[in-house]
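Below you'll find the structure, written out as structure tokens, and then a few comments.
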Amino acid sequence: MPAKKSAVKRRSTRMVKKAAAAKIPRITYATLAITPEDDKKYDEAIAAVRQELGRHFTNFVNGEPRPSSGGENPHASPVDTRVVVSYFPKGTREDTRAAIQVAHEAFGKWGAMDYRDRVKILRRAADLMIERRYAIAAWMAFEVGKNRAEALAEVNEAAELIRYYCERMEFHKGFVLPLESPGKGQKTVSVLRPYGVWAVIAPWNFPMALATGMSAGALVAGNTVVFKPSSESPVAGYEIYRAFADAGVPRGVFNLMVGPGATVGAELQENPGVDGLIFTGSKEVGMQVYHHFAKNYPKPVIAEMGGKNPAIVTASADLDEAAEGVMRAAFGFDGQKCSACSRVYVDRQVKDKFLDLLVDYTKNRVVVGDPTLKPTFMGPVINQAAVDTYLRAADEARRAGGKFLHGGAQIKTGEMQYGYFVEPAIVELDKKHHLFQEELFVPFLVVDAVDSFDEALALANDSEYGLCAGIYSRDQKEIDVFFDNIQAGVTYSNRRAGATTGAWPGVNSFGGWKGSGSTGKSALGPYYVQQFMREQSRWIVG
Ligand code: NAD
């Protein structure tokens, strides 16, 4: 390319990138950078959503509202259980069968559409989510108790996931790859093609981002979807549906089916009309889905599951950096992130200093309260079962001689008595205790001393999970050994913004090894979209 032309091309590429970046407010989990304008709009959205609480919603099949014959479920807010956030239908097996059927009928056209047209529609959905971000974040505060910065970051992540997967589709030119010609007058091509109908089963803790990401991956590849959000976060599910529908995703291509695991979840697993299934949630349910989905022949199952994510703090670590990073990862969204840091192995020589700093950061930064208020760092946990898990763990730790450095109780004072509020807990405990193994999914951090880096690494790997892991060390050799030997899909060194948390589309892929994930390919990353497609090899003569 002549120099002048290539300079023009470089400039225009830069401009396109700049324009795309300008559309996305840069609130991420790492920056949590809220502007005064964001605060104002969020507060206005909270006031508006408050007026809508208790609204009745429906499922959507073939673009039409579908009230269920199974009745409705009221969903109480974890912030104040006297408040009903929404009523959603309890989807039945029959409703789910209808959704699978229309998704099957819609597949032909959507799957055959030029990928560039699909990308155009999906990008509009991302723009709509950004336009609606304050209202969506406000609903999330009432629905799952997420604070404003984390909720706004999550809506941004949802939009960026759509855009990133679209960009991947374009980068690979729709996954049509000419191969070496077998001879004169003949050509061969590898084409990745969609499977058909995908079930998308989502968890409540990232009700926008993860559900949007899974759905967008399936859709951009040309599949149609029956989407089951968690019953703890159906409004977020509805907002995803609304964005896709308003963006122009054709009827039947994306169907919303809220309802119990025992009906909607079971039908999605058992119905032979479902060609692929993607699940994000607990290991218990994920493994059940993994074992039961494919019956007569292999079908793709992507299961992203839980974690018990360790941080290693070595003798050479910057202890202030380590303490802040661990605090943010352990107590961000109340420890209810799959990436939450829930166990720490700290070198005995620096243990006391590290723990003093960690407790200071927790005391000073982790404000517990109403998630709609600006200063709040930790809102409520999701439900009574989470409170029970927290109290059971605290009791077990006490009985095993654990030393509570912070927290350990439910908060029952003032307005918090009406919600599911607990204190952030930091417990020094024997590293052989099962609380170093079990995923609790509440703000409960266990810590113990180790005598060497090798011991810490072995303990970090001694887990059925392999999602995230972090290290704090100034010794490059230790850091290299950590990356080469840690059994985890998402890894960090010396990260103040979060020891084990903060993945972002196109920046930091997110997927688990061992009991944390089934495919070895990560969400948010460059190999994700391919999983929703199968290869067809074509030999064309003439
Ligand atoms: P969950 O397993 O209880 O539920 C996940 C989804 O599965 C929900 O929609 C639920 O209704 C559905 N479900 C329940 N029973 C079912 C059944 N029998 N058949 C089909 N579907 C069924 O998980 P959760 O409480 O919503 O989410 C928390 C868990 O998710 C934690 O373990 C967390 O670590 C994990 N998680 C993992 C990732 C990741 O990327 N690896 C991300 C977020 C959350």
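All heavy atoms count here, side chains included; hydrogens, waters and symmetry mates do not. Being a predicted model, the structure only gives us computed values, none of them experimental. The first residue in the sequence is number 1, and the count goes up from there. As the structure lists them, so they are numbered: ligands from 1, and atoms in each ligand from 1.
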I201: numbered ligand 1 atoms lying under 4.0 Å from its heavy atoms: 6 (C), 7 (O), 9 (O), 12 (C), 20 (C), 21 (N)

Test of ring centre spacing under 6.0 Å for F331 and Y361: no

Pair E439-K283, salt bridge (Lys or Arg N to Asp or Glu O under 4.0 Å): steps then yes or no: CA-CA 9 Å; E439 184 190 44; K283 176 168 170 282; over 6 Å; no

Shortest protein heavy-atom distance from atom 35 (C) of ligand 1, along with the residue and atom involved: G281 O, 3.1 Å

Nearest neighbour in protein (non-hydrogen) for atom 19 (N) of ligand 1: Q269 NE2, 2.8 Å

Min heavy-atom dist Q288 to ligand 1 below 4.0 Å: yes

Distance filter under 4.0 Å to T280 heavy atoms, resulting ligand 1 atoms: 5 (C), 37 (C), 38 (C), 39 (C), 40 (O), 42 (C), 43 (C)

E167 and R163 ion-paired at < 4.0 Å: no

side-chain hydrogen bond (donor to acceptor under 3.5 Å, both in side chains) against N62, all qualifying residues, sequence neighbours excluded: none

Q531 and T519: side chain donor to acceptor below 3.5 Å: yes

Residue and atom name of the nearest protein heavy atom (relative to atom 38 (C) of ligand 1), distance in Å to one decimal: C338 SG, 3.1 Å

Proximal candidate to atom 22 (C) of ligand 1 [heavy atom criterion; set V285, V490, L524]: V285

Nearest-0.5 Å distance that lies between atom CG in L152 and atom CE in M140: 8.5 Å

Test ring-ring contact (aromatic ring centres under 6.0 Å, His included) applied to F421 - qualifying residues, sequence neighbours left out: none

Exercise check, heavy-atom protein proximity under 4.0 Å to atom 4 (O) of ligand 1: no

Option among H291, K295, H292 that satisfies the side-chain contact (heavy atoms from CB on, under 4.5 Å) test with Q269: H292

Criterion side chain to side chain contact (heavy atoms under 4.5 Å, CB included) on L445 and C341, from CA distance to verdict: CA-CA 7 Å; L445 179 70; C341 176; 4.2 Å; yes

Nitrogen or oxygen of K283 less than 3.5 angstrom from that of ligand 1: no

Stepwise ring pair (Phe, Tyr, Trp, His ring centres under 6.0 Å) test for Y29 and F206: CA-CA 12 Å; Y29 304 118; F206 281 90; 5.7 Å; yes

Ligand 1 contact by F206, heavy-atom criterion under 4.0 angstrom: no

Residue, atom name and distance, where the atom is the protein heavy atom closest to atom 10 (C) of ligand 1: K228 NZ, 3.7 Å

Atoms in ligand 1 with a heavy atom of S230 nearer than 4.0 Å: 9 (O)

Geometric N/O contact M305 with ligand 1, under 3.5 angstrom: yes

W204 N/O under 3.5 Å from ligand 1 N/O: yes

Residue that, paired with Q101, satisfies side chain to side chain donor-acceptor pair (under 3.5 Å) out of E105, R97, H104: E105

Under-4.0 Å heavy-atom contact with ligand 1, by part of N205 that carries it: side chain

Residues D246, R132: salt bridge by 4.0 Å N-O rule: yes

Contacting atoms of ligand 1, where contact means under 4.0 angstrom from a heavy atom of L210: 42 (C), 43 (C)

Closest approach of any protein heavy atom to atom 32 (O) of ligand 1, naming residue and atom: E439 OE1, 2.7 Å

Proximity to ligand 1 by part of E232, non-hydrogen separation under 4.0 Å: neither

F227 and Y241: CA distance, side-chain angles, deciding distance, ring pair (Phe, Tyr, Trp, His ring centres under 6.0 Å) verdict: CA-CA 9 Å; F227 165 44; Y241 172 80; 9.1 Å; no

Nearest-option assignment for atom 2 (O) of ligand 1, heavy atoms, candidates S282, A266, G306, G307: S282

From CA spacing to verdict: side chain to side chain contact (heavy atoms under 4.5 Å, CB included), N508, Y492: CA-CA 10 Å; N508 181 209; Y492 302 90; 2.7 Å; yes

Protein heavy-atom partner closest to atom 40 (O) of ligand 1 - residue, atom, separation in Å: F510 CE2, 3.4 Å

Identity and distance of the protein heavy atom lying nearest atom 27 (O) of ligand 1: P203 CB, 3.4 Å

Minimum-distance protein heavy atom relative to atom 28 (C) of ligand 1: F441 CE2, 3.5 Å

Verdict with supporting geometry, L53 and F142, side chain to side chain contact (heavy atoms under 4.5 Å, CB included): CA-CA 9 Å; L53 293 174; F142 294 108; 4.0 Å; yes

Ligand 1 to V289 polar contact by distance, N or O atoms, under 3.5 Å: no

Part of L268 with heavy atoms under 4.0 Å of ligand 1, whether side chain, backbone, both or neither: neither

Under 3.5 Å: N/O of S231 near N/O of ligand 1: no

Contact atoms of ligand 1, heavy-atom distance to E304 under 4.0 Å: 39 (C), 40 (O), 41 (N)

Criterion ring pair (Phe, Tyr, Trp, His ring centres under 6.0 Å) on Y345 and F436, from CA distance to verdict: CA-CA 10 Å; Y345 303 106; F436 278 84; 5.7 Å; yes

Any A202 heavy atom less than 4.0 Å to ligand 1: yes

